[in-house]
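Quick notes on the structure that follows.
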Amino acid sequence: MKKSLLRKRLLMLSALLLMVCGQMGAGRGGTEGAKGTDNGISYTLYSNYSYYHYWSDQSQYLGNVAVITSCSNSTMVIPESLGGCNQIVIGEEALTSNVTSLTISKSVRLLEYCAVYNADKIETLIIEDSETPLYCGGTKYTYSYGAFSFIKKLKSVYIGRNLEYEHTTSDHDFAPFRYCESSGNFDVTIGPFVTKIADYCFESCAIKSLTMMRSLPQSVLTNPISIGTDAFKNVTTSSVPCYVSWSTLNNFQNYSDYKTMFNYLLGAEPCRYEALEKLKQERRTTSYQDILSELEEGCVGYETAINNTNDVGQMQLLMTRAFAIMELLKQKRDYPSDAAASIIVDYKTKIDEATTVDGIDNLKNAGKQALKYAKELQDEKADAITALNDAKTTYPSDAAEGIVNTYTGKINAATTTDAVTTAKNEGIQALKDAKDLQDAKTAAIAELNAAKSSYPSDAADGIVSTYTGKINAATSTTDVTSKKNEGIQALQYAKVLQDAKAIAIDALNDAKKDHPSDAADEIVSTYTAKINAATSTTDVTNEKEAGIKALMDAKDLQDAKAVAIDALNEAAKTYPSDAANGIVTTYTAKINAATSTTDVTNEKEA
């Protein structure tokens, strides 16, 4: 007895030394081991871990655990294990105000005191399904509060297992959500593994809606879960819609039962009952509130008709229409696309016109398929456009942007996945071809400039400029190669032509030396111009030879004139007369004016 009292006093002293968040009354025991981090979560491994709760004089022994010591991730998903340990504890003040979404895995066994105290901006809280309870340490700050009481922005809570907390027979201050300070109402979903909602759990909370996922027996008014003492104390339950799964409509045998269920579905009673069994398996991805809004939208226009008929067949037909449209709305949510809204409108019209249950079901299935296909088509288009842009990166070219824009338009205009695939493949091929063409042009222009260096000429720059333009204007690699070869050939020929002209002009000047005459310079000048103007080596040769002949003829003519004038003067001496000098002067002029040796001879003899 004395040992027990001594132990209790020592633990109380330890608790005072471990004051956290202004609280008093908790202590961690065990052997501290390795520390580590995992995706931004810092933790410490403990062996022989235990946690003492002062207020209730309770101690929990968990053995080997990983204690989370800090995490500031905005979205915090606690993994199934840390450091190889599959028992996890969230330590005191481990979470910060950065956390806006918290998922507590089934491996988490305990929240130490003030574990969530600083994470007051959490909007989404998920406590995953498990048959093992989660023990929630409280918060002591002037007054006692629950583990989640200080969250100010809570919007939705999913509780997948029973919650336990430190309490005494008369003290339940640490109830998990008691007096939750959330500034707005929040939705609560109780998972299928929860068998009891803890005493005082949601006392004085502003609950927007409550979803209970445990199946109901045949009576829709039977409570499917154990509600703890004052679990919803000071919560106005009559104004809080309660969604409960039920197994099948086949439990209802007549129009009266259908009407009762229908009115529950539309919220005519404080409790509403969800009408799709499979929703139980969709709690992670589907909001019951979304489903209900779809149900209500699907039932628009049928409510009066359903409540005004006593015919079971008509009742079933109307209900089938309502639920068919609801399923289409759910399909729209599961397979969202830009075309979904118009598909819903189209099939709602067809369903309203259908006169049999089978006809409605067939239309519903066709509509669901159309919604799924529209989503697949949209996804296919998005993937195709992504592939097109990836190909633009792989095959860059000046034309790439325009090609992507063109084929993006074709992809968006496609009405089948096959057409999308075709347009995508054509676009990728066009990008590849454009890249190949651009590379071929670059290589061809480089070869052209290399050829200009190999075959220099005065015309080379002009030739390169001309054929660069032709290469850039080419629309195929074959055209590029052809224009490149033509350009290189033109450079080669320009070099040959220029060399031939230089040789010809040299030959002309040599001939001028060999056949000097007063007309020689003019002849050389004239034929040099003709040679330079020649556009072929043949023309160059012809002009060169004509020039040399002209030089030779000029030499011969000049020599003939000199001989003729000498002969004329000799004749004047042989045949002297008073008229001789005048005759010599006259015929000397005629000889000098002669343009051929024949004319020279004729004038001399005359």
Side-chain angles (χ1 to χ4, degrees), residues 448 451-467 469 486-606:
L448 203 60
K452 184 179 82 167
S453 299
S454 300
Y455 307 108
S457 71
D458 296 338
D461 285 339
I463 292 169
V464 168
S465 178
T466 298
Y467 280 92
E486 288 176 10
I488 291 172
Q489 188 175 12
L491 286 165
Q492 291 173 333
Y493 193 75
K495 170 66 172 165
V496 170
L497 183 62
Q498 183 165 301
D499 290 347
K501 288 179 178 181
I503 292 169
I505 291 168
D506 287 343
L508 205 60
N509 280 287
D510 288 343
K512 184 179 80 167
K513 295 175 183 177
D514 293 338
H515 307 288
S517 70
D518 294 340
D521 285 341
E522 184 178 349
I523 291 168
V524 167
S525 177
T526 299
Y527 280 93
T528 294
K530 289 183 177 182
I531 288 169
N532 282 328
T535 57
S536 70
T537 53
T538 301
D539 289 345
V540 168
T541 300
N542 290 338
E543 296 299 341
K544 176 197 74 175
E545 292 176 351
I548 291 172
K549 185 177 183 305
L551 287 167
M552 292 172 65
D553 289 345
K555 171 64 172 162
D556 290 345
L557 182 62
Q558 184 169 304
D559 288 349
K561 287 180 178 181
V563 170
I565 291 169
D566 285 345
L568 198 63
N569 282 295
E570 287 298 325
K573 294 177 182 178
T574 303
Y575 309 105
S577 67
D578 293 337
N581 287 335
I583 292 169
V584 168
T585 299
T586 298
Y587 279 91
T588 294
K590 288 184 177 183
I591 287 169
N592 282 328
T595 57
S596 70
T597 55
T598 300
D599 289 344
V600 168
T601 299
N602 289 337
E603 294 298 340
K604 175 192 77 172
E605 291 177 351

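Here the structure is a predicted model, which means the values were calculated and not measured.
- A search for salt bridge (charged side-chain N to carboxylate O under 4.0 Å, His left out) contacts involving D510 returns nothing, not counting sequence neighbours.
- To the nearest 0.5 angstrom, Q498 atom CD is 9.0 Å from N532 atom CG.
- Nearest heavy-atom pair across V464 and L448 is O-CD2, 3.8 Å.
- Within the structure, no pair that satisfies the salt bridge (Lys or Arg N to Asp or Glu O under 4.0 Å) test touches residues 593-606, not counting sequence neighbours.
- With hydrogens and angles ignored, the 3.5 Å screen pairs no side-chain donor or acceptor of S525 with any backbone N or O of D521.
- By the side-chain contact (heavy atoms from CB on, under 4.5 Å) test, A519 is found to be paired with S517, I523, A554, residues two or more places apart in sequence or in another chain being considered.
- Nearest heavy-atom pair, Y587 versus L568, reported as atom, atom and distance to 0.1 Å: CB-CD2, 3.6 Å.
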Validation: residues 570-577 side-chain donor-acceptor distances under 3.5 Å, sequence neighbours left out:
| residue | atom | partner | partner atom | Å |
| --- | --- | --- | --- | --- |
| T574 | OG1 | E570 | O | 3.0 |
| S577 | OG | A579 | N | 3.3 |
| S577 | OG | A580 | N | 3.1 |

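- For S453, there are no side-chain contact (heavy atoms from CB on, under 4.5 Å) partners two or more places apart in sequence or in a different chain.
- Distance CG/L508 to OG1/T528: 5.0 Å, rounded to 0.5 Å.
- In this structure, K501 has no salt bridge (charged side-chain N to carboxylate O under 4.0 Å, His left out) partners at least two apart in sequence or on a different chain.
- If you take CD1 on I583 and OG1 on T588, they are separated by 11.0 Å, rounding to the nearest 0.5 Å.
- Of the inter-residue distances, the one linking D553 atom CG with T595 atom OG1 reads 11.0 Å to the nearest 0.5 angstrom.
- Applying the salt bridge (charged side-chain N to carboxylate O under 4.0 Å, His left out) rule to E486 yields the partners K483; only residues at least two apart in sequence or on another chain are considered.
- Here the shortest heavy-atom pairing between A594 and L557 reads O-CD2, 3.9 Å.
- Pairing each heavy atom of V600 with each of A560, the nearest pair is CG1-O, 3.5 Å.
- Closest non-hydrogen pair, Y455 versus L491, comes out as CB-O, 3.6 Å.
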_Check against side chain to side chain contact (heavy atoms under 4.5 Å, CB included), I548 and Y527_ = CA-CA 9 Å; I548 291 172; Y527 280 93; over 6 Å; no
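- Residues satisfying the side-chain hydrogen bond (donor to acceptor under 3.5 Å, both in side chains) test with D514, not counting sequence neighbours, are none.
- Residues in residues 557-569 take part in these salt bridge (Lys or Arg N to Asp or Glu O under 4.0 Å) pairs, two or more places apart or across chains: K555-D559.
- The two atoms that bring Q558 and D518 nearest to each other are OE1-N, 2.7 Å, heavy atoms only.
- Residue I591 holds its CD1 atom at 10.5 Å from CG of N602, rounded to the nearest 0.5 Å.
- Pairs passing the salt bridge (Lys or Arg N to Asp or Glu O under 4.0 Å) check and including a residue from residues 456-465, sequence neighbours excluded, read K452-D461.
- For A459, the side-chain contact (heavy atoms from CB on, under 4.5 Å) test picks out S457, I463, A494, with sequence neighbours left out.
- Shown here are the salt bridge (charged side-chain N to carboxylate O under 4.0 Å, His left out) partners of K530, two or more places apart in sequence or in another chain: there are none.
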